[in-house]
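Structure, as structure tokens:
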Number of protein chains: 4
Amino acid sequence: MPKQTFLNLPLERRNRILETAIDEFSQNSFASASISKIAAKADVAKGSMYQYFENKKDLYKYILEISAQKKQEYLIDCLHSLEHLYFIDVIKELYIKGLEFASDNPKLAGIANNFLKENDMKFKKEIMGISIEKSNQFFEILIEKAKEKGEINPKIDTRVGAYIITSLNTSVIDYLLSYMQYEELLQSKDELMDNVGKILFIIENGFKK
Amino acid sequence: MPKQTFLNLPLERRNRILETAIDEFSQNSFASASISKIAAKADVAKGSMYQYFENKKDLYKYILEISAQKKQEYLIDCLHSLEHLYFIDVIKELYIKGLEFASDNPKLAGIANNFLKENDMKFKKEIMGISIEKSNQFFEILIEKAKEKGEINPKIDTRVGAYIITSLNTSVIDYLLSYMQYEELLQSKDELMDNVGKILFIIENGFKK
Amino acid sequence: MPKQTFLNLPLERRNRILETAIDEFSQNSFASASISKIAAKADVAKGSMYQYFENKKDLYKYILEISAQKKQEYLIDCLHSLEHLYFIDVIKELYIKGLEFASDNPKLAGIANNFLKENDMKFKKEIMGISIEKSNQFFEILIEKAKEKGEINPKIDTRVGAYIITSLNTSVIDYLLSYMQYEELLQSKDELMDNVGKILFIIENGFKK
Amino acid sequence: MPKQTFLNLPLERRNRILETAIDEFSQNSFASASISKIAAKADVAKGSMYQYFENKKDLYKYILEISAQKKQEYLIDCLHSLEHLYFIDVIKELYIKGLEFASDNPKLAGIANNFLKENDMKFKKEIMGISIEKSNQFFEILIEKAKEKGEINPKIDTRVGAYIITSLNTSVIDYLLSYMQYEELLQSKDELMDNVGKILFIIENGFKK
DNA sequence: GATGAATGAGCCTTCATTCAT
DNA sequence: CATGAATGAAGGCTCATTCAT
């Protein structure tokens, strides 16, 4: 929720600021990210930053929201085709889209993952509102339905299953990001997808009857 | 690697410093942890801290090492009985011992997990030396052997399997720690172990023939 | 002395600005009052404030003047009946009217009292012009006349007497204002007037033959 | 309550800091006094100020306490001879000693008076603890005793009487201070005492039977 | 005439680290 | 060996004021 001031800014300037901020937050935790540095790098007066955003947290929330929206855009298609697909294929699709998002927008993905790593639960809840558990809930519903359809082992605990899927999703993205940062080891997209396939193979077996 | 000065210290003083440092690093990322605060809380001259340790990083490394050693102590037993157990039982044992360690030493476990979350790869490598991948390697060997013995599905990719096991292990511990911090929801030990069982049930299925 | 621009403003807008400014100056010293906050609260562009007023001081002077005028309105009646009343009754009337003013317009009264408390004499003189001493002069004349009429002790020093009356007047209003702010202890109007009566009883004795 | 660090400082440095701080707080309200300026003027690193004092408020409290103690020293004698003197003579003595204190230590006296003028009651209470009302209580006791001894008019309301005496005391000191700041008009000590005499003359009459 | 964007100085505070004693 | 004093850079944030549109 930036101030109107920010939204009225000429596009060029607005983007310069946003990108610099995204840079900063993708490399630092909230606490060690610095508005001063962002202002300096974006060549903007420090005071201006506070004309645009209420405070550091405000800017952070905004960036986080951008990240979430962008990710949504990647996921939206496969969310639409939920009904027609097998459980494991939905998961597969979601993992892949998630990785594509991360691969195309490593900084935004990094910010989201960084947020997930924050320690201070009060801070997280404050920023996230209720949506923290949405992701888990989504997977829980998915699992329930798959159980009904007889696609997966009914003995699987729903909550625990959702938890595993979420955790691995985050891990995989983290893995991708850290390798992207270290160009040395950057795997080809094919290799990466190959690995996702291997992970999903295990998951599939883990869940199936 | 504290300086000799630190090792010569009377035990009481040494412990006071260590515990305060553990407190601080368990609640903060490396960047936002503060030597000033540690010195103040431990009632030690700030200057002294620099007589004991080269700098903040040095102290951090030491604390991290303590954490690793302590965890070793929990794992050591089941590492000895590796040969006699089925693959899945080893994993189970390791998860449980890991959780016991975290439950008994939440601060130390938190520090380790915090470290895993650090972004700066250069920093991580510098601190860790090579040992980052040791954990993965260990699981890789385990998986290879299990394959040989015919205990698990040979189609499983060894590296990916190890990766999954490590990731979930970290996630589970993180989960425990955040719930311990937030007493409200603290599950009983039984419930927790129950959940571990459920996770392992999925893993077991995921890996088995 | 606002700029013509301000005077041309639609009444509603003008009042909104004034009231917000009065709010701000009644709660802060000149130095810590903030034009930024006033603009924000009054929902006016910061730039506009500088089209209406030369600067912070200019606005302050204007507000102060408004306060003075408003107070005049309360006092005007009893200033007209000066001649017919005994000295002590004039004083009494002035105190009471002053308190009524403060009770009805606590913010305006607060601003005036805050001004009196400012430290920087140069600043005060600059703002006030000569009128600082007017109040004292007025009481001096009153005292002189009362002496002539034989109503009060001629041994009383005129300047000192005026000074006492002014001081106590300010104190009493301050007292009222701070109690109004702190609702807890707010005395009823009756109690307050009762206390004024008690103060005047002492003053009366102090001045009489 | 400065930190030990401050108390251990070489006298010269300690005094330089204190005097600069006294300067600053005597010319500014708490809000507009600046630690940065104090540090700069005292030729001390800004950071050092925070080695000496917890924060701005801490420094302020300390300075205020110094002021109170110094004033005590002036009053102590006449507080000892309370019993032997007539009510009016006690008051007289207290006013005179108070003025002497202000005349000898105008800055310290200014700080105390500035504090009395602060608007924020919460702030005042926090700083003062309970002692705010002590001064009034003291005069109330004095008045009660004087009534018992038949020295003053029993019809005088005790609380109101105490209030008047306190108010005038503050006013008188303020008066002295502002004139000392403005050397132009500085009255001779004799003249000043003469005026005190005149004030007390009125007070005496106000209180006597 | 209204606006809002820009700015830089300034504020309080924290910190890692150094160094003389 | 312990200490504590010193420091300057940095951080988040606020403000009065200017100026182009």
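Each chain gets a letter, A, B and so on, in the order its sequence line appears, and its residues count up from 1. Note: hydrogens, waters and symmetry copies are ignored here, and every other heavy atom, side chains too, is used.
Going from atom CD of A/Gln4 over to atom P of E/dG4 covers 9 Å, rounded to whole Å. Spacing between atom CG of A/Asn28 and atom P of F/dG12 amounts to 10 Å, rounded to whole angstrom units. In this structure, CG of B/Asn55 is placed 14 Å from C1' of E/dC15, rounded to the nearest angstrom. Whole-Å rounding puts the B/Phe53 CZ to E/dT18 C1' distance at 18 Å. The distance between atom CD of B/Gln51 and atom P of E/dT18, rounded to the nearest whole Å, is 12 Å. Distance CD1 (C/Ile35) to C1' (F/dT18): 13 Å, rounded to an integer number of Å. D/Lys56 has its NZ atom 17 Å from the C1' atom of E/dT14, to the nearest Å. Between the NZ atom of C/Lys37 and the P atom of F/dC13 there is a distance of 14 Å, rounded to whole Å.
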Subject >> Derivation and outcome, salt bridge (charged side-chain N to carboxylate O under 4.0 Å, His left out), residues C/Arg16 and C/Glu12 >> reply: CA-CA 6 Å; C/Arg16 213 174 56 232; C/Glu12 197 278 324; 2.9 Å; yes

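D/Ile17 is listed as a side-chain neighbour of D/Phe6, based on a closest heavy-atom distance under 4.5 Å. Residues C/Val44 and C/Arg13 are in side-chain contact: their nearest non-hydrogen atoms beyond the backbone lie under 4.5 Å apart. Here the side chains of A/Pro2 and A/Arg14 are not in contact, with every heavy-atom distance at 4.5 Å or above.
Using a 4.0 Å cut-off, no side-chain N or O of C/Ser36 falls inside it from OP1 or OP2 of F/dT14. For the pair D/Asn8 and F/dA5, the criterion of a side-chain N or O lying under 4.0 Å from OP1 or OP2 is met. Of the side-chain N and O atoms in C/Arg13, one or more sit less than 4.0 angstrom from OP1 or OP2 of E/dT3. Close to E/dG4, at under 4.0 Å from its OP1 or OP2, lies no side-chain N or O of A/Thr5.
Residue-level contact check: C/Phe6 touches neither bases nor backbone, having no heavy atom under 4.0 Å from any strand. When heavy atoms are screened at a 4.0 angstrom cut-off, B/Lys46 is found touching base atoms of the nucleic acid. Residue contacts shown for B/Ala33 are limited to sugar-phosphate atoms, with no base heavy atom under 4.0 Å away.
Toward the 5' end of DNA chain F, the nearer of the two residues B/Leu9 and C/Lys57, judged by each one's closest nucleotide, is B/Leu9. Summary of the strand contacts: B/Ala31 and C/Asp43 both lie near DNA chain E, and taking for each the nucleotide with the nearest heavy atom, the more 5' one is attributed to C/Asp43. In this structure, A/Ser48 and B/Ser48 both approach DNA chain E, and ranking their closest nucleotides by distance from the 5' end singles out A/Ser48.
Residue A/Tyr50 places its side chain closer to F/dC13 than to any other of F/dT17, E/dA5, F/dC13. When the nucleotides E/dT13, E/dT3, E/dA16 are ranked by their closest atom to the side chain of B/Ser34, E/dA16 comes out on top.
With a 3.5 Å ceiling on both atom-pair distances, the Watson-Crick or G-U wobble partner of E/dA20 is F/dT3. Base pairing of E/dC12: its partner is F/dG11, meeting the Watson-Crick or G-U wobble criterion (both donor-acceptor distances under 3.5 Å).
Within 6.0 Å of atom NZ in A/Lys107, 12 or fewer heavy atoms from other residues, nucleotides or ligands are found, so the atom counts as exposed in its surroundings.
Using bins of under 30°, 30° to 60° and over 60° for the plane-to-plane angle, the ring pair C/Phe25/C/Phe30 lands in the parallel bin.
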